[in-house]
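Step one of this worksheet: look at the structure below.
Every chain is numbered from 1, with letters handed out A, B, ... down the list of sequences. Just so it is clear, the structure is predicted and the values come from calculations on it, not from any experiment.
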Protein chains: 4
Amino acid sequence: MRSEPTPAPPPAEPREGARTFIELARRRQLVDAAVATVNEVGYHRASLAEIARRAQIAKSAVVYYFASKEGLLLELVGTVFAALGESVLAAVEVIEEPAARLRAYAEAYVAHVDAHRHAISAAVEVAVSHRTAEGTPLYLINDDDDTALLRSILRAGMEQGAFTEIPLDVATGLVESVLDRAITLVQRDPGVDLGELRAHVVPYLFRALGVDDG
Amino acid sequence: MRSEPTPAPPPAEPREGARTFIELARRRQLVDAAVATVNEVGYHRASLAEIARRAQIAKSAVVYYFASKEGLLLELVGTVFAALGESVLAAVEVIEEPAARLRAYAEAYVAHVDAHRHAISAAVEVAVSHRTAEGTPLYLINDDDDTALLRSILRAGMEQGAFTEIPLDVATGLVESVLDRAITLVQRDPGVDLGELRAHVVPYLFRALGVDDG
Amino acid sequence: MRSEPTPAPPPAEPREGARTFIELARRRQLVDAAVATVNEVGYHRASLAEIARRAQIAKSAVVYYFASKEGLLLELVGTVFAALGESVLAAVEVIEEPAARLRAYAEAYVAHVDAHRHAISAAVEVAVSHRTAEGTPLYLINDDDDTALLRSILRAGMEQGAFTEIPLDVATGLVESVLDRAITLVQRDPGVDLGELRAHVVPYLFRALGVDDG
Amino acid sequence: MRSEPTPAPPPAEPREGARTFIELARRRQLVDAAVATVNEVGYHRASLAEIARRAQIAKSAVVYYFASKEGLLLELVGTVFAALGESVLAAVEVIEEPAARLRAYAEAYVAHVDAHRHAISAAVEVAVSHRTAEGTPLYLINDDDDTALLRSILRAGMEQGAFTEIPLDVATGLVESVLDRAITLVQRDPGVDLGELRAHVVPYLFRALGVDDG
DNA sequence: TATGAATGAGATTTCATTCAT
DNA sequence: AATGAATGAAATCTCATTCAT
């Protein structure tokens with residue numbers, strides 16, 4: 001009988017595109033539950049069952065909203081780092097002068113980590129631990145995007161003579177490492193007080209980069 | 001009524017204490033295989049089967065020598081970080097002056113990471129990803145020991161006025177973060193050239209700590 | 001105490017009996033989608049979701065119209081084989097003489113398979129693969145009905161001495177097997193050309209049954 | 001530490017190559033259990049759990065001996081059809097003349113199906129129902145191999161004028177279809193008596209192929 | 001000293017079905 | 001008339017560990 005196979009229209013279940021209000025709420029709720037789970041039991045014990053239990057929902061509902069566990073984890077990592085990126089961008093974009101931009105960047109970065117420590121901790125642990133089906137770790141995906149802003153600040157500063165000349169990659173990496181100290185601390189102790197770090201990190205960076213902080 | 005002279009206890013099971021030569025060789029072989037496995041497939045796919053296959057040994061032999069998978073992983077992390085500690089200690093202990101000691105420490109640290117990148121990468125991934133039965137991550141175990149030497153160098157430098165005054169914890173953490181940039185790099189790309197980093201890391205640290213490097 | 005005139009019962013649920021036009025259209029649409037799905041991904045991956053996606057309809061609508069997945073599959077198999085039966089019946093019923101009836105039967109059968117290969121392929125795969133809740137395969141249901149016409153032709157032919165004497169069951173089965181070669185071919189390759197088979201199948205059957213095809 | 005990753009030696013668990021006696025026994029036992037399961041509940045309800053239950057073994061043991069459920073099924077199909085192939089080959093290879101070879105082929109084929117009806121039924125159902133990960137049905141794999149012998153017999157017979165001239169593909173397919181009637185019968189009723197079929201199938205084929213069976 | 005065999009717990013994922021709207 | 005949301009059952013597979021030898 002008439003059966004001309006139609007070439008598979010988009011799936012009827014929630015994927016991409018227009019999302020219901022309730023769907024968005026559920027997705028947010030599940031990402032939150034995933035953050036909590038990773039923080040409490042660690043990435044590799046954060047099973048769907050554990051996450052679903054914290055969200056008070058059935059395991060299969062997680063798969064209903066995200067196509068797979070990996071889908072949920074990628075959303076977690078994506079949204080958390082996107083938020084961090086937006087924070088620093090908002091702080092930096094209104095400023096012109098390189099040293100001031102670097103200060104704004106660093107302060108916004110550490111402040112954001114301080115304010116969103118649970119989410120950041122979880123996202124970093126996932127990014128470090130998770131591997132895609134082909135074995136690629138997440139931190140290898142979109143590597144440049146994340147550091148592009150910092151790199152551009154440092155480049156401008158060196159070109160204008162405001163910062164000591166150091167190979168751009170080295171400088172970017174070292175500044176990033178210093179800022180990531182905040183992450184390391186909240187990962188080790190979610191209740192840690194970042195006050196002292198926040199007080200000293202900008203002077204430390206300024207000295208390291210030879211900024212004349214008169 | 002302890003009168004019957006109890007016969008000497010049976011020779012220790014391959015656990016602690018006196019270890020035969022062959023046993024030590026096997027343990028080293030297994031740690032090597034674990035390092036290779038973690039580097040190739042990542043911590044959370046580094047199963048006993050995968051490790052045993054690389055060691056060309058039976059899965060059950062791993063348990064025979066280490067009692068559990070966790071035993072092997074702890075040994076891996078322990079030996080790798082002990083070796084790093086020994087490298088820096090050897091480099092530092094013949095020197096007196098704080099700035100020179102810091103230079104020696106930093107150079108030895110990065111050189112060791114450079115030379116043992118596979119082992120370091122694996123150990124760090126395990127330390128970050130693994131959790132004990134109680135859920136404790138490995139990087140929380142013996143945390144202070146690892147930084148004690150660096151902390152003492154920095155303390156001395158500040159007391160003598162060679163380094164800028166910064167809260168000791170903050171300073172230690174920031175220096176550590178900078179040095180760990182080497183680890184981040186080899187984790188992202190096992191073939192990376194650390195030359196530029198090694199050339200600039202000490203000047204960077206010296207500036208950051210206000211060392212007068214005349 | 002039946003005194004209150006009970007109001008007319010609500011219009012029948014979309015089950016049996018009078019069916020609205022839209023309902024019939026939906027059912028046909030869903031059967032078509034099921035045929036396409038089975039052909040594309042095979043019976044045991046032809047899930048409700050997959051079928052509904054091809055019909056551009058919600059999964060739950062399938063259940064709404066057919067009560068269960070099995071209902072849809074039974075309808076698919078039923079309608080497809082009914083159509084085949086009608087084709088051969090129409091071809092045969094205007095003819096009297098056994099050999100001519102057999103020729104008409106065979107030609108109509110293979111022609112129908114040729115013309116409706118997608119539907120036939122799917123129906124056969126479902127009939128072979130599906131089991132009811134009690135474990136009965138579908139090809140065991142209504143077995144005799146399908147072969148009754150062929151059997152009657154052969155019986156008449158043998159009684160009249162037009163066909164070689166063979167036990168009726170054996171003869172019917174062997175003729176059926178030969179005709180089903182057409183189905184096997186379209187199942188293996190939906191694009192196959194049945195021309196050669198159609199040219200040779202009747203002579204082959206006539207020889208096998210000893211028909212004097214002068 | 002020393003970690004030159006060795007390029008993954010063969011797995012330590014039972015795969016290919018040298019097989020223990022006990023391993024061979026287990027594999028045979030599991031194939032038998034799979035045959036029984038498929039016959040009793042049908043292909044697509046023949047789960048690992050069901051198979052393991054019949055073999056009185058743990059589910060995971062099935063995966064221990066075959067790498068996956070598919071591995072077991074492929075072995076089932078492979079061994080069953082190999083045995084059928086060997087039966088007919090042994091019957092045919094001592095004979096020269098085409099008509100006699102065809103008779104031997106047909107009789108051996110049906111006799112083997114008769115004698116191994118359970119295994120054949122299960123293998124056919126699996127071959128029809130199973131799809132590989134890419135969606136290919138099993139009956140599309142190695143299609144030619146199975147019919148090569150029959151085809152060569154028919155070709156020789158036609159070249160020598162012993163059989164009616166029919167396109168080789170058509171002839172081979174039709175003979176196969178006729179012989180497969182035996183399979184259809186045992187699939188429909190595992191206890192069926194094939195006596196009548198066996199008595200009439202060769203004369204039927206001989207007539208169909210125009211063999212002068214004086 | 002070492003291993004092959006076997007297992008049980010748990011992980012992800014699929015899916016038909018239910019139900020309120 | 002139709003659907004989105006949600007679920008529970010079951011399926012395959014992974015894996016550390018145990019044990020007799």
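- In terms of heavy atoms, I51(B) sits closest to A33(B) at O-CB, 3.7 Å.
- The salt bridge (charged side-chain N to carboxylate O under 4.0 Å, His left out) search around R45(C) returns none, not counting sequence neighbours.
- With sequence neighbours excluded, no residue forms a side-chain contact (heavy atoms from CB on, under 4.5 Å) with A25(A).
- Screening residues 31-40 of chain D for side-chain hydrogen bond (donor to acceptor under 3.5 Å, both in side chains), with sequence neighbours left out, gives E40(D)-R54(D).
- For S47(D), counting side-chain heavy atoms from C-beta on, the closest listed nucleotide (dT1(E), dT12(F), dT17(F)) is dT12(F).
- Close to dA5(E), at under 4.0 Å from its OP1 or OP2, lies a side-chain N or O of T20(D).
- Ring pair Y43(A)/H44(B) is perpendicular by interplanar angle, where above 60° counts as perpendicular and below 30° as parallel.
- Rounded to an integer number of Å, the gap from CZ of F21(A) to C1' of dA5(F) is 15 Å.
- Atom OH of Y43(C) is separated from atom P of dC15(E) by 12 Å (rounded to the nearest Å).
- Proximity of a side-chain donor or acceptor of T136(A) to a complementary backbone N or O of T132(A) within less than 3.5 Å is not detected.
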Enumerate all atom pairs, one protein N or O and one N or O from nucleotides 7-9 of chain E, separated by less than 3.5 Å.
residue, atom, partner, partner atom, Å
dT7(E), OP2, A58(D), N, 3.1
dG8(E), N7, S60(D), OG, 3.1
dG8(E), O6, S60(D), OG, 2.9

Parsed dot-bracket for DNA chain E after applying the Watson-Crick and G-U rules with both distances under 3.5 Å and | for other-strand partners is .||||||||||||||||||||
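- Looking at T79(B), its side chain does come within 3.5 Å of a backbone N or O of L76(B) through a donor-acceptor pair.
- Computed from coordinates, the I51(B) CD1 to dA16(F) P distance equals 7 Å when rounded to whole Å.
- With sequence neighbours excluded, no residue satisfies side-chain hydrogen bond (donor to acceptor under 3.5 Å, both in side chains) with R28(D).
- S47(D) contributes a side-chain N or O that, together with a main-chain N or O of E50(D), makes up a donor-acceptor pair within less than 3.5 Å.
- Taking atom NE2 of H44(A) as the reference point, atom P of dT12(E) lies 12 Å away to the nearest angstrom.
- Between K69(A) and K69(C), the one whose closest nucleotide on DNA chain E sits nearer the 5' end is K69(A).
- Nucleotide dT3(E) holds its P atom 17 Å from the CD atom of E23(D), rounded to whole Å.
- Rounded to whole Å, atom C1' of dT3(F) lies 14 Å from atom CG of L48(C).
- Between R45(A) and I22(D), it is I22(D) whose nearest contact on DNA chain E lies nearer the 5' terminus.
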